[in-house]
Amino acid sequence: MEGQDWAAGEHKASLNSGFTRLGTDLMANVSVKERVKVSQNWRLGRCREGILLKWRCSQMPWMQLEGDSLYISQANFILAYQFRPDGASLNRRPLGVFAGHDEDVCHFVLANSHIVSAGGDGKIGVHKIHSTFTVKYSAHEQEVNCVDCKGGIIVSGSRDRTAKVWPLASGRLGQCLHTIHTEDRVWSIAISPLLSSFVTGTACCGHFSPLRIWDLNSGQLMTHLGSDFPPGAGVLDVMYESPSTLLSCGYDTYVRYWDLRASVRKCVMEWEEPHDSTLYCLQTDGNHLLATGSSYYGVVRLWDRRQRACLHAFPLTSTPLSSPVYCLRFTTKHLYAALSYNLHVLDFQNP
């Protein structure tokens with residue numbers, strides 16, 4: 001009862017309290033006292049910074065979290081690490097190493113016990129996490145910038161100005177179902193939770209919106225989002241939060257929140273990066289907390305979506321080693337940010 005009372009009242013003023021907008025409780029096994037403390041730390045920006053991994057050569061890493069494991073790309077490999085119980089450190093020896101690309105891994109997702117990766121060699125890799133099964137196939141004429149996989153379907157986007165749809169089924173890997181000519185470089189891609197459509201984020205170098213939604217079954221254009229993007233306002237990250245709501249960010253320094261039920265021509269909310277920096281990536285807790293990664297000085301920003309102004313900023317690099325935040329992920333207690341030379345952690349549980 002105590003937890004229900006708190007859920008009904010106190011969390012309205014909190015951040016990353018473990019409750020999604022749909023009411024799902026992600027911290028059901030955590031005491032109310034601990035939940036309140038950690039949530040207040042997010043709201044007040046109280047955290048301890050650490051470095052989980054370092055590498056010698058400059059990278060453009062991508063990462064994913066699953067359970068007590070962290071997956072991160074380094075050059076043409078993807079490495080899997082296990083978190084120690086505190087969540088703020090990793091076991092030094094990787095759990096697994098997934099290879100197969102001839103050039104750097106640009107992007108990857110976890111789906112159905114598989115890693116689906118996009119490479120600078122124009123290929124898509126499919127790796128079974130718990131076995132040695134690995135397949136790669138030629139997918140695009142230039143680097144594959146982005147990939148998503150849901151419901152047994154893979155979508156990919158490339159610098160070659162196409163998006164493609166593929167089956168994940170092992171007997172049909174590499175058989176293209178649809179080729180969509182976007183007439184613009186594709187930087188980001190995401191499949192709708194309903195598995196009926198997908199969205200592409202492109203470079204915005206043509207006379208059309210950089211955000212377009214396509215039918216997954218036919219490959220036909222369904223709609224485009226927005227109407228006033230300036231030239232070059234490419235979309236570097238896009239994610240569905242629900243079947244009818246999306247978040248996007250990119251070169252024009254804005255995060256935009258779209259509700260397809262309200263309008264496809266105008267976003268319902270937007271937040272501007274205050275230092276006019278490109279936004280490389282974003283994440284949300286499914287409720288009020290939004291985190292973004294900027295192009296300069298490794299700046300991670302936290303936003304309360306009920307407010308316009310940025311709540312907190314954490315610059316993770318100094319002037320000589322300025323780096324974008326290429327990817328960020330967070331749990332209810334920690335935020336992880338991948339930069340050119342380091343993987344950083346912000347620990348909100350033990351600041």
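- Defined by atom type and a distance below 3.5 Å, a donor-acceptor pair is present between the side-chain atoms of Ser117 and His101.
- Under a 4.0 Å N-O distance rule, the pair Arg256/Glu270 qualifies as a salt bridge.
- Looking at Asp215, its side chain does come within 3.5 Å of a backbone N or O of Asn217 through a donor-acceptor pair.
- Interatomic distance, CG of Leu44 versus CG of Leu311, reported as 8.5 Å (0.5 Å rounding).
- With respect to the salt-bridge test (charged N to carboxylate O, under 4.0 angstrom), the residues Arg185 and Glu143 do not qualify.
- The pair Lys266-Asp228 fails the salt-bridge criterion, with no side-chain N (NZ, NE, NH1 or NH2) lying under 4.0 Å from an Asp/Glu carboxylate O.
- Trp214 and Ser197 are not linked by any side-chain donor-acceptor pair at a separation below 3.5 angstrom, with hydrogens and angles left out of the test.
- Judged by distance alone, with hydrogens and angles left aside, the side-chain atoms of His334 form a donor-acceptor pair with the main-chain N or O of Asp86 at under 3.5 Å.
- The ring of Phe330 has its center closer than 6.0 angstrom to the ring center of Trp42.
- At least one cation-pi condition fails for Arg301 and Phe314: the charged atom is not both under 6.0 angstrom from the six-membered ring centre and inside a 45 degree cone around its axis.
- Judged by distance alone, the side chains of Ser156 and Trp166 do bring a donor and an acceptor atom under 3.5 Å apart.
- A salt bridge does not link Lys164 with Asp160: none of the charged nitrogens is closer than 4.0 Å to a carboxylate oxygen.
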